[in-house]
Amino acid sequence: MLVMQSPRGTVDILPNEQIYWRYIENVVRQFASQYSYDQISTPTFESTELFSRSVGQFTDIVKKETYSFDDRGGHSLTLRPEGTASVCRSYLQHGMHNQPQPVRLFYIMPMYRYERPQLGRYRQFHQFGIELLGDDTATVDFEVIEFATKIIAFFGLKQFKLNINSLGDKESRNLYREAILNYFSVYSNNLSEDDSRRLEENPLRILDSKDKYVKSLFAKAPNSLDYLSKASKDRWEKLLMYLRDSNIEYYVNTQLVRGLDYYTHTVFEFMPIDGGSQSTILAGGRYDGLVQELGGPSVPGIGFAMGIERIVEELKKQDMQFEKSNQVDVVICCIGGEKEIRKAVNTAYKLRNMDIKVILAPMSKSIKGQMRYAGNLSSPYVVILGSEEIKKDTYILKDMIKNEQKEIKFEILANFLAKECIDNL
RNA sequence: GUGAGCGUGGCCAAGUUGGUUAAGGCGCCAGGUUGUGGCCCUGGAGAUCGAGGGUUCAAAUCCCUUCGCUCACCCCA
């Protein structure tokens with residue numbers, strides 16, 4: 001039946017879905033503008049090395065989820081699995097560290113991850129994200145979190161709660177990693193395959209485990225906040241203070257660790273209270289070592305990414321009313337032959353010059369078929385042209401809602417339509 | 001990558017102890033007298049039952065393979 005279909009994990013965004021996308025994009029752009037973020041777009045593919053150096057070559061994302069290939073020149077390229085690394089690369093490449101700091105950027109771009117598809121999880125998906133580079137004070141941690149909070153609230157996603165945690169700087173993070181490793185190693189014989197693997201490769205990830213036994217161990221497990229250096233602890237407390245001052249609701253979740261290696265200090269995530277699996281809708285954090293890791297100066301950064309497909313899913317649940325964006329004003333129907341059609345074509349041309357949204361009904365159909373077509377488009381008006389009208393140089397204007405029609409001259413028709421359709425511009 | 005469920009015309013779907021032309025609804029198209037939509041009536045197009053192979057006299061219904069979707073893991077936005 002279907003000889004060709006879109007590759008696994010990819011979807012067509014059909015006309016009736018576009019409305020959600022346009023809406024989200026508009027909202028997001030408005031927020032970006034309010035917070036003074038400028039848009040950046042980076043290439044769909046980058047040198048593979050960019051991601052292994054930033055995201056981390058031992059993370060699952062890089063290890064088993066990238067779309068990588070060699071180009072004809074033998075360079076290994078990778079479809080970007082996330083946006084932060086690319087933005088940092090661009091920041092460096094174009095010397096944005098020489099601009100007044102911090103630099104605020106946002107993006108809306110497709111991302112690629114080779115994963116098993118599920119609802120809300122695709123191989124090509126889209127993210128809106130912001131990055132703030134060149135300021136390491138807690139004030140911008142607050143700003144970024146505030147931005148995220150406002151956007152989530154704007155979309156009416158009340159069931160999503162802000163979870164935050166601090167991983168500390170590199171040193172604190174390493175100390176903590178050590179502590180986790182020691183603590184769980186004691187129980188290593190009882191760990192599942194997945195969990196022992198995690199413990200070996202990326203100990204912090206074990207805090208994400210859904211295993212009941214492992215979860216029971218969390219209670220007495222080392223707490224990341226206890227391993228923060230003085231400076232880390234200080235910024236963490238400031239951030240919480242700022243949040244409290246603004247009455248931004250947050251939940252300190254010391255089990256919150258992220259899957260990308262570059263995160264330091266603040267990490268946060270919007271998760272639903274009754275968490276399903278593909279349920280995180282927005283997540284981010286600070287990445288102070290990243291730019292340097294890419295060969296640049298030591299530039300701190302913080303940002304977040306929001307999954308647009310996941311927002312769309314949520315909006316669909318809300319039963320939102322959108323205006324039909326492509327509503328035509330007038331459909332022109334013909335009764336007769338070439339002469340009538342010729343005049344109809346020219347009439348459409350003249351009305352379009354006045355910015356009226358007008359289309360011809362399909363001329364191969366009978367008048368009944370043409371009217372049905374106009375009805376299906378819920379066109380508020382129909383103009384009918386027949387031999388009688390040609391003779392008198394008049395037009396029949398039918399109001400499809402009131403079910404009334406009158407025969408008028410072009411001037412009157414044009415003036416009327418111009419007036420009626422003015423708010424559709 | 002692991003485990004489970006599902007896959008019938010554009011959409012929603014009946015039908016599975018294997019057996020004549022694979023229901024129905026929506027949508028689409030055309031008519032219901034000569035130049036007009038929406039309601040109603042009538043008719044029509046459209047499915048090699050996801051694909052490939054096998055078992056059988058006979059399969060949408062059984063078996064195998066494969067593709068896709070969904071769910072739980074893994075992971076993550």
Side-chain angles (χ1 to χ4, degrees), chain A residues 1-11 14 16 55 59-66 81-84 108-129 148 160 192-195 197-198 201-202 205 208-211 257-260 269-271 275-284 303-314 331-337 340 361-362 364-390 396-405 407:
Chain A
M1 177 194 89
L2 210 46
V3 279
M4 281 299 224
Q5 48 188 318
S6 60
R8 183 169 199 194
T10 67
V11 294
L14 298 172
N16 60 359
V55 176
T59 58
D60 280 19
I61 290 183
V62 166
K63 236 174 44 189
K64 50 182 219 194
E65 295 178 3
T66 49
E82 60 106 42
T84 302
I108 303 172
M109 303 192 294
M111 307 294 166
Y112 303 86
R113 253 118 100 158
Y114 187 86
E115 299 181 271
R116 193 108 171 228
Q118 269 177 53
L119 189 67
R121 187 223 259 173
Y122 306 94
R123 290 184 173 183
Q124 183 191 56
F125 62 100
H126 298 75
Q127 289 187 333
F128 161 70
F160 291 85
S192 68
E193 222 178 285
D194 276 334
D195 286 322
R197 200 204 77 226
R198 281 200 267 228
E201 296 181 354
N202 198 345
R205 301 293 305 166
D208 265 353
S209 181
K210 279 159 194 149
D211 187 88
V257 291
R258 316 270 352 278
L260 295 81
E269 196 163 329
F270 280 80
M271 308 191 258
S277 50
Q278 264 59 59
S279 46
T280 291
I281 213 163
L282 183 155
F304 69 70
M306 181 183 90
I308 300 184
E309 279 81 357
R310 292 183 183 177
I311 299 284
V312 170
E313 282 307 313
E314 292 302 321
V331 173
I332 300 182
C333 300
C334 272
I335 310 159
E340 288 76 17
S364 56
K365 288 179 191 279
S366 67
I367 181 63
K368 182 171 181 165
Q370 292 182 41
M371 291 298 291
R372 195 158 32 214
Y373 180 75
N376 282 345
L377 298 187
S378 29
S379 176
Y381 298 103
V382 166
V383 166
I384 301 165
L385 271 172
S387 50
E388 291 297 308
E389 290 72 37
I390 297 270
I396 289 172
L397 174 67
K398 178 163 184 174
D399 183 321
M400 297 289 274
I401 293 150
K402 292 184 189 155
N403 197 22
E404 295 167 356
Q405 63 183 54
E407 191 175 342

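These figures come from a predicted structure and were not determined experimentally. Lettering of chains follows the sequences in order, A, B, ..., and the numbering in each one begins at 1.
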- Could you say whether A:E388 or A:S366 is positioned toward the 5' end of RNA chain B, judged by the nucleotide with the nearest heavy atom to each? A:S366
- Message: Among residues 373-384 of chain A, which ones have heavy-atom contacts with RNA chain B below 4.0 Å?
- Response: A:N376, A:I384
- For atom P, what is the distance between B:C49 and B:A60, given to the nearest Å? 7 Å
- B:C69 phosphate, OP1 or OP2: any side-chain N/O from A:Q118 under 4.0 angstrom? no
Short heteroatom pairs, N/O only, protein and nucleotides 40-46 of chain B, under 3.5 Å:
none

- Query: Testing A:R198, A:R197, A:R113 for salt bridge (Lys or Arg N to Asp or Glu O under 4.0 Å) with A:D60, which one passes?
  - Reply: A:R197
- side-chain N/O A:R8 vs B:C67 OP1/OP2, d < 4.0 Å: no
- If pairs are Watson-Crick or G-U with both distances under 3.5 Å, what is the dot-bracket string of RNA chain B, marking crossing pairs with [ ] and pairs to another strand with |? ((((((((.[[[..)...(....]]].(((((.......))))).....[[[[[..)....]]]]])))))))....
- Task: Not counting sequence neighbours, which residues clear side-chain hydrogen bond (donor to acceptor under 3.5 Å, both in side chains) with A:E407? List them please.
- Result: A:K392, A:T394
Protein-nucleic acid N or O pairs under 3.5 Å, nucleotides 3-6 of chain B:
none

- Task: Give one of base, sugar-phosphate or nothing for A:Q370, where a contact means two heavy atoms less than 4.0 Å apart.
- Result: nothing
- Message: If the condition is salt bridge (Lys or Arg N to Asp or Glu O under 4.0 Å), which residues does A:D211 pass it with, not counting sequence neighbours?
- Response: none
- Item | Presence of A:R372 side-chain N/O under 4.0 Å of B:C28 phosphate oxygens OP1/OP2 | no
